[in-house]
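Both counts, for ligands and for their atoms, begin at 1 and track the order of listing.
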Amino acid sequence: MTGNGGREISVALLGCGVVGSQVVRLLTEQADELAARIGARLRLAGVAVRRPQRHPDVPGDLLTTDAAGLVTRDDVDVVVELVGGIEPVRGLLLTALKNGKSVVSANKALLAEDGAALAAAADESGADLYYEASVAGAIPLLRPIQQSLAGDRIVRVAGIVNGTTNFILSAMASSGANYAEALEEAGRLGYAEADPTADVDGYDAASKAAILASLAFHTRVTADDVYREGIRDVTAADIAAAKALGCTVKLLAICEQTDGAVSARVHPAMIPRSHPLASVSGAYNAVFIEAAAAGQLMFYGQGAGGPQTASAVLGDLVAAARNRVIGGRGPRDTAHAALPVLAMGETLTRYHVALDVTDRAGVLAQVAGVFAEHGVSIATVRQEGRGEAGRDADDGAPGPKDATLVIVTHSASDAALAATVEALTGLDAVQGVAGVLRVEGLGRPVTELGGTS
Ligand SMILES: NC(=O)c1ccc[n+]([C@@H]2O[C@H](COP(=O)([O-])OP(=O)(O)OC[C@H]3O[C@@H](n4cnc5c(N)ncnc54)[C@H](OP(=O)(O)O)[C@@H]3O)[C@@H](O)[C@H]2O)c1
């Protein structure tokens, strides 16, 4: 760093793709304004990429393929990492931090897997580690959790943190399309990658849940601690069943703190249409935070995209640069609470179960008995006649008509609910389980979920 009125903070950029190229653009276009805000000019010291020939917009003397050399250069103050993935980035960032460089990263996968090592390296050298863009793109979320709510006790963070899956589920809800059709549309419109695994199987959301839970509960939670279920198995029938209950289906990341423990999970769930998260559609993200004193808060906006994500990166870069100018440090990650992380089976959830049954006397009592045996209390039951001949009519005579029983439970351990569904499949009168989805009231009462008690 050189002094102001000539003062400079020198920035090394790793990666110049969708997000990195927008960071370069904003750094150039807003150079004077940023200098005024920081009290020093930001100088791009170098840009590390894999294929320099693909970056004609970046001055050739800045481009390098030697990222390792760039992050240890004496004149570099801040390293901005927009490469993604675990290696070689982990090694590069640990080296940068150990060498006293502040780090700004959007890398959810790395932060969720090994954020502890990065935070420890930052603590050791007194450098900053910022990663606002790693969760929910442009939406200011980590700083509010870490700073604005530092005096409160967060009890739940629940959100839609993956735009691809939200686009697919929204398309299924609005057009009645099935999963494969909606995925194809998402791909065509650029909302889904050629290999959509990270999104549709919930890996991306699980990394984000780990980061959110770690910050909200001052407890180290890694991606491996997060229960994960994607949206591949969500059917058009599930979406229709949700509608009938006054609900909509969303892929949620849910982090909770209860009774001295924390839990973090990602799965599709029905939520009441009256809940603010229900109206978040398309590729948008939103996160709902409940804190003991603040109550309910919601953060909404674009969770991805080059300029949008670059906005969050620039916010971090300005913070890190300001700290350099004044000689201070930003807030540190703290894991002092060190709460145990509950396994999914111990987590309290609610289920919506649709059972195809033979419509004859006593079936409802039998089904209710299975729930009771497993200590699961039923909130609502609805019966829909399907008007088909019963499958148990093996003598050729018309049998009892088939019906679908739609049951919504009260909260119970996920393990008890799963065992209940397993046991139901063994009943003679149960022809099949037409659908099982978790139901999340997210602070809303059960009565908002429709059906008859
Ligand atoms: N895209 C979004 O909307 C979004 C939103 C939130 C967070 N993020 C996160 O932001 C990060 C960057 O995402 P992106 O979409 O910008 O990725 P991207 O478009 O694929 O760009 C990756 C960049 O990294 C460079 N690179 C790859 N391996 C490298 C290596 N070993 N050494 C040096 N450079 C290397 C590539 O160089 P070449 O160009 O030469 O191949 C490319 O410029 C990821 O962590 C991602 O999760 C992205």
Subject >> Residues in ring pair (Phe, Tyr, Trp, His ring centres under 6.0 Å) contact with Tyr203, at least two apart in sequence or another chain >> reply: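 Counting only residues at least two positions away or on another chain, Tyr203 forms no ring pair (Phe, Tyr, Trp, His ring centres under 6.0 Å).
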**OP:** Using the test ring pair (Phe, Tyr, Trp, His ring centres under 6.0 Å), find all partners of Tyr227 that sit at least two apart in sequence or belong to another chain.
**Re:** none
Original post:
With respect to Asp204, which candidate in Asn162, Thr197, Thr165, Thr164 satisfies the side chain to side chain donor-acceptor pair (under 3.5 Å) definition?
Top reply: Asn162
Original post:
Does CD in Glu193 sit with more than 12 non-hydrogen atoms of other residues, nucleotides or ligands closer than 6.0 Å?
Top reply: no
Original post:
Regarding Gln22 and Arg25, is there a side-chain donor-to-acceptor distance under 3.5 Å anywhere?
Top reply: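 Indeed, the side chains of Gln22 and Arg25 share at least one donor-acceptor pair under 3.5 Å.
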Please output the side-chain donor-acceptor pairs of residues 298-310 that fall under 3.5 Å, not counting sequence neighbours, one pair per line with the distance.
{"residue": "Gln302", "atom": "OE1", "partner": "Gln308", "partner atom": "NE2", "Å": "3.3"}
{"residue": "Thr309", "atom": "OG1", "partner": "Gly305", "partner atom": "O", "Å": "2.7"}

Subject >> Neighbour list for ligand 1 [protein residues, heavy atom under 4.0 Å] >> reply: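 Within the 4.0 Å shell of ligand 1, which is judged on heavy atoms, sit Gly15, Cys16, Gly17, Val18, Val19, Ala48, Val49, Arg50, Arg51, His55, Leu82, Val83, Gly84, Pro88, Ala106, Asn107, Lys108, Ala133, Ala304, Gly305, Thr309.
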